[in-house]
Amino acid sequence: MGWKWASQAPSEPIKEFYCPTSDVFTARLTKLENDLLKIDDIGIHYSLLTSMVGEIGDNSYAHNLGNWPDILGIFFAYDLNKRVIVLADRGRGILKTLKSVRPELASHKEALKVAFTEIVSGRFPEQRGNGLKSVAVNILSSDVSLTFRTGDAELDLKRGGGLNITECETSHGCFAILKF
């Protein structure tokens with residue numbers, strides 16, 4: 001459902017999964033954390049998983065503030081029985097965000113690699129940019145996997161797999177699937 005929303009014509013997602021503002025996202029993230037507390041053996045500490053989801057979701061709001069191309073907010077859904085969490089936005093995407101401070105970036109694949117491996121902020125002149133690196137470190141040391149799409153690039157990340165970035169079907173904004 002999240003991929004369909006991110007890759008097709010603009011429309012608001014189903015209300016149950018739509019977080020139009022960051023405060024709605026934060027409330028749902030708190031609910032996720034409380035639900036994760038009830039699960040035994042999730043392959044990672046619940047607070048680290050919550051932190052990773054929070055980082056990905058918060059980036060959607062922070063990097064698109066005042067620049068949403070069409071629908072503002074994010075799609076945020078999870079199924080704890082299937083052990084999957086999905087986040088999607090219809091924002092500018094990583095390449096457009098990072099080009100403001102790294103104009104030499106030429107592709108979505110390049111931008112995705114930079115976002116997950118280098119400390120750089122798309123919110124110049126702020127000295128930030130650790131969030132997705134932290135997500136990567138936590139995934140590489142746990143039983144969580146991440147598929148992250150932006151533009152025409154897809155990153156697959158899991159323990160023992162390193163960064164695997166390939167081309168994929170083009171989408172708006174960013175799309176992430178965490179499996180645990």
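If you're wondering where the values come from, they're calculated on a predicted model, not measured in any experiment. Note that the numbering runs from 1 along the sequence shown for the chain.
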Got Phe175 and Val86 here, is their nearest side-chain heavy-atom distance under 4.5 Å?
yes

Between Lys158 and Ile139 (side chain of the first, backbone of the second, donor and acceptor by atom type, cut-off under 3.5 Å), is there such a pair?
no

Please state whether the rings of Phe75 and Phe17 are parallel, tilted or perpendicular, taking 30° and 60° as the class boundaries.
tilted

Yes or no on side-chain contact (heavy atoms from CB on, under 4.5 Å) for Phe25 and Leu87, after CA distance, side-chain angles and deciding distance?
CA-CA 10 Å; Phe25 171 68; Leu87 298 132; 3.8 Å; yes

Same apolar cluster (I L V M F W Y, side chains within < 4.5 Å links), Phe148/Val137:
no

With hydrophobic residues grouped by side-chain heavy-atom distances under 4.5 Å, do Leu80 and Ile44 end up in a single group?
yes

Which is it for Phe180 and Leu36 under the side-chain contact (heavy atoms from CB on, under 4.5 Å) test, yes or no, and what are the steps along the way?
CA-CA 11 Å; Phe180 57 96; Leu36 288 171; 4.0 Å; yes

Please report the shortest heavy-atom distance between Ala176 and Ile56, naming the atom on each side.
CB-CG2, 4.0 Å

Kindly compute the distance separating NZ (Lys31) from CZ (Phe76), expressed to the nearest 0.5 Å.
9.5 Å

So does Gly173 get a backbone contact from the side chain of Thr150, meaning a donor-acceptor N/O pair under 3.5 Å?
yes

Treating Ile, Leu, Val, Met, Phe, Trp and Tyr as nodes and any side-chain heavy-atom pair under 4.5 angstrom as an edge, say whether Val84 and Tyr18 lie in one connected cluster.
yes

Side chain to side chain donor-acceptor pair (under 3.5 Å) for Asp156 and Thr147? Distances and angles first, verdict last.
CA-CA 5 Å; Asp156 287 306; Thr147 299; 2.9 Å; yes

Using the side-chain contact (heavy atoms from CB on, under 4.5 Å) rule, take Leu112 and Leu163 through it: C-alpha gap first, then chi angles, then the decisive distance, then the call.
CA-CA 10 Å; Leu112 197 51; Leu163 283 176; over 6 Å; no

Are Leu157 and Val135 side-chain neighbours, meaning at least one heavy-atom pair lies under 4.5 Å?
no

Determine whether a donor-acceptor pair (N or O, by modelled atom type, separation under 3.5 Å) exists between the side chain of Arg90 and the backbone of Asp70.
no

When you measure from the side chain of Thr117 to the backbone of Lys113, do you find a donor-acceptor pair of N or O atoms at a distance under 3.5 Å?
yes

Is the backbone of Asp89 close enough, under 3.5 Å, to the side chain of Ser60 for a donor and an acceptor to pair up by distance?
no

Where Lys133 and Val114 come nearest, the two heavy atoms and their spacing:
NZ-O, 4.2 Å

Under a 3.5 Å distance rule, please check whether Lys109 uses its side chain to pair with a backbone N or O of Glu154 as donor and acceptor.
no

Do Leu37 and Leu178 belong together in a cluster built from hydrophobic side chains that touch within less than 4.5 Å?
yes

Intermediate values then yes/no, side-chain contact (heavy atoms from CB on, under 4.5 Å), Phe116 and Ile165:
CA-CA 11 Å; Phe116 278 87; Ile165 303 173; over 6 Å; no

Indicate the atoms forming the closest heavy-atom contact of Ile74 with Gly57, along with that distance.
CD1-CA, 4.1 Å

Leu49 backbone acceptor or donor facing Asn138 side chain under 3.5 Å:
no

How close do Cys168 and Gly151 get, counting heavy atoms only, and between which atoms?
SG-O, 4.5 Å

Minimum heavy-atom distance Cys174-Gly93, with the two atoms named:
SG-CA, 4.1 Å

How long is the straight-line distance from CD1 of Ile85 back to CZ of Arg83, given to the nearest 0.5 Å?
11.0 Å

Let me confirm one number: the CD-CZ distance from Glu16 to Arg28, rounded to the nearest 0.5 Å.
8.0 Å

Value for OG (Ser51) from NE2 (His45), rounded to nearest 0.5 Å, stands at 12.0 Å

Taken to the nearest 0.5 Å, the spacing of Ser141 OG from Leu48 CG works out to 7.5 Å

Under 3.5 Å, is there a donor-acceptor pair between the side chain of Asp35 and the main chain of Glu33?
no

Of all the heavy-atom pairs spanning Glu110 and Glu104, show the shortest one and how long it is.
OE2-O, 4.3 Å

Counting only N and O atoms by type, is there a donor-acceptor contact under 3.5 Å from the side chain of Thr26 to the main-chain atoms of Ser22?
yes

Side-chain (Arg149) to main-chain (Ile177) donor-acceptor, under 3.5 angstrom:
no

Would a hydrophobic clustering, with Ile, Leu, Val, Met, Phe, Trp and Tyr connected at side-chain separations under 4.5 Å, put Ile39 with Leu32?
yes

Are side-chain heavy atoms of Asn164 and Thr166 found at a separation under 4.5 Å?
yes

Rounding to 0.5 Å, atoms NZ (Lys99) and CG (Leu105) come to a distance of 6.0 Å

